[in-house]
Asks: 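Structure provided below as structure tokens; questions to follow.
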Amino acid sequence: MTSVDTLIKSAPGDTCSPALADGPWTFDLGLPSYGPGASQGDIIPTGSPRQGQLPVEYQRASTEELHDRIRVAKQELGDRVVVLGHFYQRDEIVQHADFLGDSFQLANAAQTVPNAEAIVFCGVHFMAETADILAQPGQSVILPNLAAGCSMADMADIDSVEEAWAQLAELYGTEPDESGRVPVIPVTYMNSSAALKGFCGRNGGIVCTSSNAATVLEWAFERGQRVLFFPDQHLGRNTAKAMGVPLEQMPMWNPNKPLGGNDEQGLLDARVILWHGFCSVHRRFTVDQIEKARAEHPGVRVIVHPECPMPVVDAADEAGSTDYIRKAVAAATEPTTFAIGTEINMVNRLAAEFPQHEIFCLDPVVCPCSTMYRIHPGYLAWVLEALVRGETLNQITVPDDVAEPARVALERMLAAKPRA
Ligand code: 13P
Ligand code: SF4
């Protein structure tokens, strides 16, 4: 049984694409696309990294053979390699991860393995870039499939953000107010390119993750009159709203329009300017799904990720990062029914791990993150066996001129602890 069969068979409902039953290598040499899954309709930038063809022996190997080969390679490499896995990875990958976590925890983990020569990052491109920035000199960071990007991260590029910044500087000037706060602080979600993290580092800004977004916005409001938040409008809006910022003071910035599609007064009154980006996985969740879950499962506890649209977060009982969701389920002492609004691999794993609870995904259609799906045990075996031979494949390297300011913004983020 392939891993996607496992995913499909363990969850009720239809899949959003029949192509999910195919190995990810089916898409390596085709037209550039994110592949099947939630973001298959999103537009992939022309310059996105491409993955060359996975050698046929890995495509043809059975899942059991791949697991054996991964185990043998890891044993041979010992402490020389560390495998990091995000919660959204398929189970077949998670079982080989030395650390499993959300993006904040994995960024921390990348800093705590100074003896490893290589960090194999089973997640997506922006996470591997972050690991490379935070890793020790001489450590290499490997992304097993270079096509594992993130459609949300791709919705903000450095040129559009620089252009927005120039327009805002013209409108606001650059002088601080009487309390020393500059006109605007840039905040980028972790789900963004290293270039945008570098932009924040160069311009007095900071990175946030979904687990520390509120702490980061507090940090930014201490130093600035307002925030330019990119790329995820939903995380920005949900977090600022919970902090009491009125919706009228959160205009959206559309990079294809002058002044982002706003008038000058709207931007002068703004507290948080939200970039026009979103996650196609979390955009699938709806208030109707929550109402249905409540009607069919009285007493259900609904927890969603803050990348979901605001009406969904408002209708849920709680919202939090992937680690928050995991901890909430783990902490429930009584058998509980949970309806979860996040990626299907993680929801299925929680259901298997906590059989005392009834746990299901709010979305009845099985539609994983297209880019997390691109990491398969075949690619993991391929990069690990290459390391055993002394070859480093698929290394992610952030150039120094980007990495240095990006590190400044990331270190600010790591100091901004998630609220308890
Ligand atoms: P976390 O920060 O919760 O790990 O989420 C990362 C992500 O990509 C969610 O879509
Ligand atoms: Fe990007 Fe959404 Fe996938 Fe997270 S779930 S990696 S934000 S596309």
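Each ligand, and each atom within it, is numbered from 1 in the order the structure gives. Along the sequence shown, residues are numbered consecutively beginning with 1. Note that this is a predicted model, so its numbers are computed, not measured.
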Asks: Which atoms from ligand 1 have a heavy atom of Ser321 less than 4.0 Å away?
Replies: 3 (O)

Asks: Could you tell me, atom by atom, which parts of ligand 1 come under 4.0 Å of a heavy atom of Tyr88?
Replies: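 Under 4.0 Å from Tyr88, ligand 1 has these atoms: 7 (C), 9 (C), 10 (O).
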
Asks: Would Tyr34 count as a contact of ligand 2 if the rule is a heavy atom under 4.0 Å away?
Replies: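 In this structure, Tyr34 fails to qualify as a contact of ligand 2 - no heavy atom is under 4.0 Å.
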
Asks: Counting only N and O atoms by type, is there a donor-acceptor contact under 3.5 Å from the side chain of Arg237 to the main-chain atoms of Met310?
Replies: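 Not at all, since once roles are kept as given, no pair shorter than 3.5 Å links the two residues.
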
Asks: Asn191 versus ligand 1: do any nitrogen or oxygen atoms come within less than 3.5 Å of each other?
Replies: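 The answer is yes, given that Asn191 and ligand 1 share an N or O pair closer than 3.5 Å.
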
Asks: For the pair Lys74 and Asp98, find out whether any cationic side-chain nitrogen is under 4.0 Å from an anionic carboxylate oxygen.
Replies: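 Here Lys74 pairs with Asp98 in a salt bridge, since their nearest N and O are under 4.0 Å apart.
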
Asks: Within a distance under 4.0 Å of any heavy atom of Thr322, pick out the atoms of ligand 1 and give their elements.
Replies: 1 (P), 3 (O), 4 (O)

Asks: Looking only at protein heavy atoms, which one is nearest to atom 3 (Fe) of ligand 2, and what is the separation?
Replies: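 I find the closest protein heavy atom is Cys369 SG, 2.4 Å.
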
Asks: Going by heavy atoms, is His86 under 4.0 Å from ligand 2?
Replies: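 Flag not set, His86 not near ligand 2.
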
Asks: Report yes or no: does a heavy atom of Met152 sit under 4.0 Å from some atom of ligand 1?
Replies: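 It does not, in that no heavy atom of Met152 comes within the 4.0 Å cut-off of ligand 1.
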
Asks: May I ask you to say whether Arg301 pairs ionically with Asp317, meaning some side-chain N is under 4.0 Å from a carboxylate O?
Replies: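 Asp317 and Arg301: not salt-bridged.
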
Asks: Taking 4.0 Å as the limit for heavy-atom contacts, which would you say applies to Glu343 with ligand 1: side chain only, backbone only, both, or neither?
Replies: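 Answer for Glu343: neither.
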
Asks: Give a yes or no answer on whether the side chain of Thr371 reaches the backbone of Gly149 with a donor-acceptor pair at less than 3.5 Å.
Replies: yes

Asks: Which residue and non-hydrogen atom of the protein lie closest to atom 1 (Fe) of ligand 2, and at what distance in Å?
Replies: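 Going by distance alone, atom 1 (Fe) of ligand 2 is nearest to Cys150 SG, 2.4 Å.
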
Asks: Taking the six-membered ring of Phe27, is the NZ or CZ of Arg374 close enough (under 6.0 Å from the centre) and on axis enough (within 45°)?
Replies: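 Relative to the ring axis of Phe27, which defines the angle, Arg374 lies outside at least one limit.
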
Asks: Hey, which atoms in ligand 2 end up nearer than 4.0 Å to a heavy atom of Asn191?
Replies: 4 (Fe), 7 (S)

Asks: When you look for heavy atoms under 4.0 Å from ligand 2, do you find them on the side chain of Glu343, its backbone, both, or neither?
Replies: neither

Asks: Can you tell me the protein heavy atom closest to atom 5 (O) of ligand 1 and the distance?
Replies: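 Going by distance alone, atom 5 (O) of ligand 1 is nearest to His305 NE2, 3.5 Å.
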
Asks: So that I know where these two stand, are His234 and Phe278 an aromatic pair - ring centroids less than 6.0 Å apart?
Replies: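 Ring centroids of His234 and Phe278 are no less than 6.0 Å from each other.
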
Asks: In the protein, which heavy atom is nearest to atom 4 (O) of ligand 1, and how far is it?
Replies: His86 NE2, 2.7 Å

Asks: Less than 4.0 Å is my threshold; does some heavy atom of Met190 fall inside it relative to ligand 1?
Replies: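 Not so, Met190 does not reach ligand 1.
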
Asks: Do Trp253 and Phe230 have ring centroids that are under 6.0 Å from one another?
Replies: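 Ring centroids of Phe230 and Trp253 are no less than 6.0 Å from each other.
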
Asks: May I ask you to decide if the ring planes of Phe285 and His282 are parallel, tilted or perpendicular, using 30° and 60° as cut-offs?
Replies: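 Plane angle between 30° and 60°, so tilted.
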
Asks: Under a 4.0 Å threshold between the charged nitrogen and the carboxylate oxygen, would Asp323 count as salt-bridged to Lys327?
Replies: yes

Asks: Students often mix this up, so state it plainly: with edges at 30° and 60°, are the rings of His297 and Phe360 parallel, tilted or perpendicular?
Replies: tilted

Asks: Under 4.0 Å from any heavy atom of Ser103, which atoms of ligand 1 are there?
Replies: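 This gives 1 (P), 2 (O), 4 (O) as the contact atoms.
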
Asks: Taking 4.0 angstrom as the limit, do Lys292 and Glu296 come out as a salt bridge?
Replies: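 Judged by the 4.0 Å cut-off on N to carboxylate O distance, Lys292 and Glu296 do form a salt bridge.
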
Asks: Which atoms of ligand 1 are found less than 4.0 Å from any heavy atom of Glu307?
Replies: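 That gives atoms 7 (C), 9 (C), 10 (O) of ligand 1.
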
Asks: Numbering the atoms of ligand 2 from 1, which are under 4.0 Å from a heavy atom of Cys279?
Replies: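 What qualifies from ligand 2 is 2 (Fe), 5 (S), 7 (S).
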
